[in-house]
Amino acid sequence: MLLGRTANGLYWMNRYIERAENMARLVDAGLRMALTRTQSTSEEWHSVLLSAGSEQAFAQKYKDYTVGHASDFLLRDTSNPSSVMSSIETARHNARMVRTALTRETWESINDAWMSLKRILAKPIDERDLPTVLDAIKRETAIIRGSFYGTMLRNEIFDFSQLGTYVERADNTARILDVKYYVLLPSISWVGSTLDNYQWESILRSVSAHRSYRWVYDADYKPTNIADYLILNVRMPRSLTFCYRFIAEHLKFLSDDYGERHACHQTAERTHAMLRTGSIKDIFDTGLHEFLVDFIRDNTRVGDEIAQNYRFY
Amino acid sequence: MVAFDEMLPEESGPRRPYSAYDRWLKEQDPARLTQKKEDAERVFRKTGITFAVYGELEASERLIPFDIVPRIISGSEWRRLTQGIEQRVQALNAFLDDIYHRQEILRAGRVPKELIARNAAFLPEMIGVRPPTGVYTHIIGVDIVRINENEFYVLEDNARTPSGVSYMLENRETMMQLFPELFQKIKVRPVENYPQLLRQSLAAVRPQSAKGAPTIAVLTPGSYNSAYFEHAFLADQMGVQLVEGSDLRVVDGHVTMRTTEGYKQIDVLYRRVDDAFLDPLTFRPDSALGVPGIMDVYRAGNITIANAPGTGIADDKAIYSYMPEIIEFYTGRKAILGNIPTWRCSEPDSLKYVLEHIAELVVKEVHGSGGYGMLVGPTATKKECADFARKLAARPWNYIAQPTLALSTCPILTEKGLAPRHVDLRPYVLVSDRIQIVPGGLTRVALKEGSLVVNSSQGGGTKDTWVLDD
């Protein structure tokens with residue numbers, strides 16, 4: 001038996017842990033672009049902020065898209081509810097709320113992460129220290145994930161947690177693609193200029209897939225392959241299909257356990273079936289942007305339906 | 001005033017309960033002990049044992065300092081204490097039953113009527129209500145002080161929602177992690193089974209309407225409450241749900257909780273929410289922490305609320321001074337554990353005495369808690385005394401006064417080695433069809449030299465409390 005409020009806390013705790021990690025990865029990718037490119041990098045930071053879903057709030061605060069402003073806003077700024085600090089703060093608050101549902105190791109790893117990131121992110125970060133800080137953030141979230149996978153019983157508590165992780169991750173990957181969808185369109189360039197190569201690598205880097213891409217596809221970056229990898233590849237842990245495989249699986253565990261199916265099951269299974277049977281050619285034919293917009297909308301809907309069907313509020 | 005030190009009363013050597021510990025301590029490298037002290041802090045911070053202190057910015061999560069020198073009580077001392085505590089707890093429950101029914105103690109003139117009628121802790125809504133199995137106060141923390149080898153006094157009964165038991169458990173856990181070898185050398189009676197005992201005790205007071213194994217839940221005001229850690233800890237250790245008011249709803253005459261599969265009935269609610277917030281339909285209408293209609297369910301006998309609403313009338317500081325009479329009235333025997341002599345400032349003679357001797361006394365608000373709103377005469381300045389005397393003269397019924405006793409001390413580890421500090425003791429008592437007292441309790445220690453205030457909200461710390469198996 002699980003309280004609806006506890007399920008809600010678990011779901012959001014994991015969404016925010018996932019979000020913290022994604023933010024660090026986005027800043028990492030932005031930083032990489034800034035290092036490799038000679039011309040102005042403000043365009044790159046602009047798209048990083050768009051991918052983070054924080055562009056509007058940022059624009060209200062800053063005029064210039066610089067590494068200092070962007071990284072401060074995305075990592076430290078507590079007025080930005082999706083910054084790493086805010087995310088960890090919210091994740092820990094939720095963890096505290098659902099403390100009785102977590103193993104000691106899981107709770108301690110979240111509490112530790114909160115303590116150490118609070119210290120690391122207390123003062124503005126010198127640009128030279130950014131790589132170390134980003135590593136620290138990724139390490140903390142990795143430890144949380146490790147403790148969680150290593151110690152949690154695979155029951156409904158685990159299911160609701162995983163749903164949070166994968167709904168957030170799917171949203172993140174889809175947004176990264178949507179912000180850069182135009183550089184993946186075949187009409188722009190099939191050959192791939194140096195600039196395109198950077199852009200493509202940046203997309204892969206945002207989801208930590210720049211190395212694994214080469215294990216799966218040709219050494220060369222090809223837009224269709226990149227899109228295929230991030231959308232349809234079943235084995236790539238941040239692809240949309242991968243996320244939906246687990247969303248569908250955990251929802252099925254819940255319906256088997258409780259003996260009841262809900263609207264969220266239908267919505268998630270429809271999306272999963274579409275991804276499983278779809279081809280990248282079809283997606284490009286109907287329009288990559290349109291596909292992503294629809295996906296993000298349906299993904300949000302699954303989240304809302306889970307909250308409603310399982311009485312989060 | 002020379003205080004009795006429980007470990008080293010004289011130069012000659014340690015008291016018997018401490019002798020094995022003392023031998024061990026002498027073999028320890030001081031640097032290692034200092035290291036252990038730091039380890040302890042890390043353990044506590046890591047597990048998130050924090051205590052929110054009201055009125056301090058940025059301190060929303062502060063650790064209660066922990067001292068690594070245990071407070072040790074011999075088996076025979078403990079037996080005497082438990083007899084006194086049992087008697088007291090029986091009297092408290094008998095008093096509550098009487099006060100909400102026939103009020104014989106008032107008719108007998110042993111406790112003044114006005115004291116009850118005018119008291120905010122007395123709930124008229126409870127008149128004529130008998131809780132399931134007849135127990136009113138299920139979980140009690142009795143604060144005890146010691147002044148010499150043989151004299152123990154009860155400082156306060158906590159019959160509403162006593163807190164701190166999680167510290168008792170975590171202190172032991174931490175000590176066992178830090179000094180496993182000590183527990184092999186010295187036979188210390190276990191406290192670890194408290195959550196199981198609590199769960200059994202709560203199950204035993206379930207209402208008749210509960211079918212099969214009762215569903216138990218802990219009701220917390222929420223994660224911003226200063227004792228939230230403890231609420232979560234106890235729910236976790238008992239393996240029951242930790243609920244908030246917003247999770248609960250009255251459905252078909254029962255209190256239910258919102259789960260992922262719908263609303264499920266609760267039979268026993270261990271509530272850590274004050275009476276006033278329990279039911280907005282009966283008490284404070286602005287409360288969002290309680291459950292609308294829970295008092296109707298309670299009156300219908302369909303839920304056990306632990307502790308029962310209205311138990312505050314038994315631990316009220318104004319009632320406290322009548323405890324010797326109360327114990328004698330209901331048990332027919334003199335109190336085994338005495339009270340600290342107390343002047344009720346509402347009585348003119350007492351008020352006169354207190355005003356004249358304010359610099360020697362401890363003056364407390366009748367309804368205060370946590371060490372706030374009190375004056376410790378001997379350590380206060382003249383001005384503080386004069387200011388307090390004015391407050392006292394203006395509202396005498398709001399205060400009681402007690403002599404400043406030379407509370408016993410127990411050494412703590414400081415940078416300069418062992419140093420004596422004043423301590424008190426809060427054992428925890430569980431009442432169902434029987435009375436159970438876990439051998440141990442929470443020892444609170446004043447960390448400032450000479451200070452008598454042990455409350456954690458005022459800079460006090462805690463120690464592990466050992467009851468020896470001898």
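It should be emphasised that the depicted structure is a prediction, and the values quoted were computed from it without experimental measurement. We name chains A, B, ... by the order of the sequence lines, and we start the count at 1 in each one. Keep in mind that the numbers below use all heavy atoms, side chains included, and drop hydrogens, waters and symmetry copies.
Residues of residues 261-280 of chain B placed with any heavy atom under 4.5 Å of a heavy atom in chain A are listed by number as B:Glu261, B:Gly262, B:Lys264. Contacts between residues 248-260 of chain B and chain A, defined by a heavy-atom separation under 4.5 Å, are made by B:Met257, B:Arg258, B:Thr259, B:Thr260.
Under a cut-off of 6.0 angstrom, the local environment of NZ in A:Lys252 is sparse, with at most 12 non-hydrogen atoms contributed by other residues, nucleotides or ligands. Other residues, nucleotides and ligands place no more than 12 heavy atoms under 6.0 Å from the CD atom of B:Gln208. Atom CD of B:Glu192 is surrounded by more than 12 heavy atoms from other residues, nucleotides or ligands within 6.0 Å.
To the nearest 0.5 Å, the span separating CD on B:Gln241 from OG1 on A:Thr6 amounts to 6.0 Å.
For B:Val240, no part lies near chain A; criterion is any non-hydrogen pair under 4.5 Å. Neither the backbone nor the side chain of B:Gln237 comes within contact range of chain A; no heavy atom of the residue lies under 4.5 Å from a heavy atom of that chain. Residue A:Phe160 touches chain B through its side chain alone, counting heavy-atom pairs closer than 4.5 Å. Proximity to chain B is absent for every atom of A:Glu260, based on heavy atoms less than 4.5 angstrom apart. For a residue to count as touching a neighbouring chain, one of its non-hydrogen atoms must lie under 4.5 Å from one of that chain's; by this rule B:Ser246 touches chain A with the side chain only.
B:Asp236 and A:Thr100 make their closest contact through OD1-O, 3.5 Å (heavy atoms, listed as atom of the first residue, atom of the second, distance). What you find for A:Arg5 and B:Leu242 is that their closest heavy atoms are NH2-O, 3.1 Å.
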Worked check of side chain to side chain contact (heavy atoms under 4.5 Å, CB included) between A:Arg99 and B:Phe229: CA-CA 9 Å; A:Arg99 170 105 191 238; B:Phe229 165 76; 3.5 Å; yes
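Two residues are said to be in side-chain contact when any heavy atoms from C-beta on lie closer than 4.5 Å; A:His93 and B:Tyr224 meet this criterion.
In terms of non-hydrogen atom pairs under 4.5 Å with chain A, the most contact-rich of B:Ser223, B:Ala235, B:Gly239 is B:Ser223.
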